[in-house]
Asker: 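Just dropping this structure here.
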Protein chains: 2
Amino acid sequence: MRPTRQRRAVSEALSAFDDFRSAQQIHDLLCSRDDKVGLATVYRTLSALADAGEVDVLRNEDGESLYRRCSATHHHHLVCRACGATVEVEGPAVERWTRAIAREHGYAQVSHELEIFGTCPACLGSHDVPHDGPHDRADG
Amino acid sequence: MRPTRQRRAVSEALSAFDDFRSAQQIHDLLCSRDDKVGLATVYRTLSALADAGEVDVLRNEDGESLYRRCSATHHHHLVCRACGATVEVEGPAVERWTRAIAREHGYAQVSHELEIFGTCPACLGSHDVPHDGPHDRADG
DNA sequence: TCCCGATTTGAGAACCGTTCTCGAAAGGGT
DNA sequence: ACCCTTTCGAGAACGGTTCTCAAATCGGGA
């Protein structure tokens, strides 16, 4: 993969956020910086980064894909419903539990998805919503 | 909510499946039975059932919503990537763990999403895919 | 430095699941 | 039967994402 100007721009834009952002939000940020990158290229680059395991992807309740640069090790996310503030969490017990459940039912090649949603301390304090609005998601 | 012919049809169609199905698949089933129900009505009815907690919803990796009639108690799903065969599973330990993690970081109003994906015993045995194809989903 | 084939880009169209629109049809209470 | 409200449904609209394909760009070799 060639380190083109566009790909570097997308990668840097991702680093500018510490929470999950949509492809369009990243594109908007680049536009506001007069970084000329096509929307299709943003989508392509984010997909490539996701495939390479360099970013995590999750879907909000509208089905929109949200991206975030994360640590390489397996982990889950604790996400604020109001402002999107994200904490990476690990749960060896949960990993063991899912494997056990799968084995119990004879399922192989097991993977799992787990996200935790809530309201972060900052948003509990102030009732107005920070920056650009909620990255909401339904209960599970 | 009035028990109209259309709503009854959608509800019965749901019962005809024991795995997660899309609105369009349910609409197709109704059409093949010459049950005249508009697609919009199928969507509306499924949303209403989901809001009422009578069906569970999950999204496949394409962002498509899949519906399944489930038990009313809180549970998660063990889903076969190949045929969609679904087992409802409970994990009190996981419920406790998510609450603990959230509390630890000061998050309130906590909810979570957890799905487990794998290949079911039947699909491990026969390598051809049953019925109408995989309801696939990415790793978590 | 220039050339060349391969890769990448981007504007806009296409795609597709879902929701909206709004006039028509159906329900239910009286 | 009447009336008012809810529901229906065909098709348009919507919105995020992917595709198209000609033009731009890149990297390596001569």
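All chains are named by letter (A, B, ...) in the order of the sequence lines, taking the proteins before the strands, and each is independently numbered beginning at 1. Keep in mind that this is a model prediction, so the values were computed, not measured.
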Asker: By nearest nucleotide on DNA chain C, pick out whichever of B:Tyr67 and B:Arg5 is the more 5' one.
Answerer: B:Tyr67

Asker: Below the 4.0 Å mark, does C:dA26 have OP1 or OP2 next to a side-chain nitrogen or oxygen of B:Thr4?
Answerer: no

Asker: Which parts of residues 28-38 of chain A get close to DNA chain C, meaning a heavy atom less than 4.0 angstrom away?
Answerer: A:Lys36, A:Val37, A:Gly38

Asker: In whole Å, I'd like the distance from the CG atom of A:Asp62 to the P atom of C:dT18.
Answerer: 12 Å

Asker: Is it true that a side-chain atom of B:Arg59 and a backbone atom of A:Glu61 form a donor plus acceptor pair closer than 3.5 Å?
Answerer: yes

Asker: Rounded to the Å, how far apart are A:His27 NE2 and C:dT9 C1'?
Answerer: 12 Å

Asker: Are B:Val94 and A:Ile116 connected in the hydrophobic side-chain network, where two residues link if heavy atoms are under 4.5 Å apart?
Answerer: yes

Asker: CZ of B:Arg7 versus P of C:dA25: gap in Å, rounded?
Answerer: 19 Å

Asker: Listed in order of residue number, which residues of residues 39-47 of chain A have a non-hydrogen atom at under 4.0 Å from DNA chain C?
Answerer: A:Ala40, A:Thr41, A:Arg44

Asker: Could I get the full list of side-chain contact (heavy atoms from CB on, under 4.5 Å) partners for B:Glu104, not counting sequence neighbours?
Answerer: B:Ile101

Asker: Could you state the atom-to-atom distance from CD of B:Glu61 to C1' of C:dG17 in whole Å?
Answerer: 15 Å

Asker: Flag yes if B:Leu66 and B:Leu49 sit in one hydrophobic cluster, no otherwise; membership is Ile, Leu, Val, Met, Phe, Trp, Tyr, and two members link when side-chain heavy atoms are under 4.5 Å apart.
Answerer: no

Asker: Got a sec, which residues hit ring-ring contact (aromatic ring centres under 6.0 Å, His included) with A:His27, two or more places apart in sequence or on another chain?
Answerer: none

Asker: Do side-chain atoms of B:Ser47 reach the backbone of B:Tyr43 as a donor and acceptor pair under 3.5 angstrom?
Answerer: yes

Asker: Applying the 4.5 Å side-chain criterion to the ILVMFWY set and letting contacts propagate, would A:Val37 and A:Leu29 be lumped into a single cluster?
Answerer: yes

Asker: How are the rings of B:His74 and B:His112 set to each other: parallel, tilted or perpendicular (split at 30° and 60°)?
Answerer: perpendicular

Asker: Could you list where the contact with chain A starts and ends along DNA chain D, reading 5' to 3', using a 4.0 Å heavy-atom cut-off?
Answerer: D:dG16 to D:dC26

Asker: Main chain of B:Phe17, side chain of B:Arg68: is a donor-acceptor contact present, judged purely on distance under 3.5 Å?
Answerer: no

Asker: Quick one: is C:dG10 close enough that its OP1 or OP2 comes under 4.0 Å of any side-chain N or O from A:Gln6?
Answerer: yes

Asker: Under the rule for side chain to side chain donor-acceptor pair (under 3.5 Å), what residues qualify as partners of B:Glu54, not counting sequence neighbours?
Answerer: none

Asker: To the nearest Å, how far apart are B:Glu64 CD and C:dG17 P?
Answerer: 5 Å

Asker: Between the main-chain N or O of B:Glu88 and the side-chain N or O of B:His75, is there a donor-acceptor pair closer than 3.5 Å?
Answerer: no

Asker: In whole Å, I'd like the distance from the CZ atom of B:Arg21 to the C1' atom of C:dG17.
Answerer: 17 Å

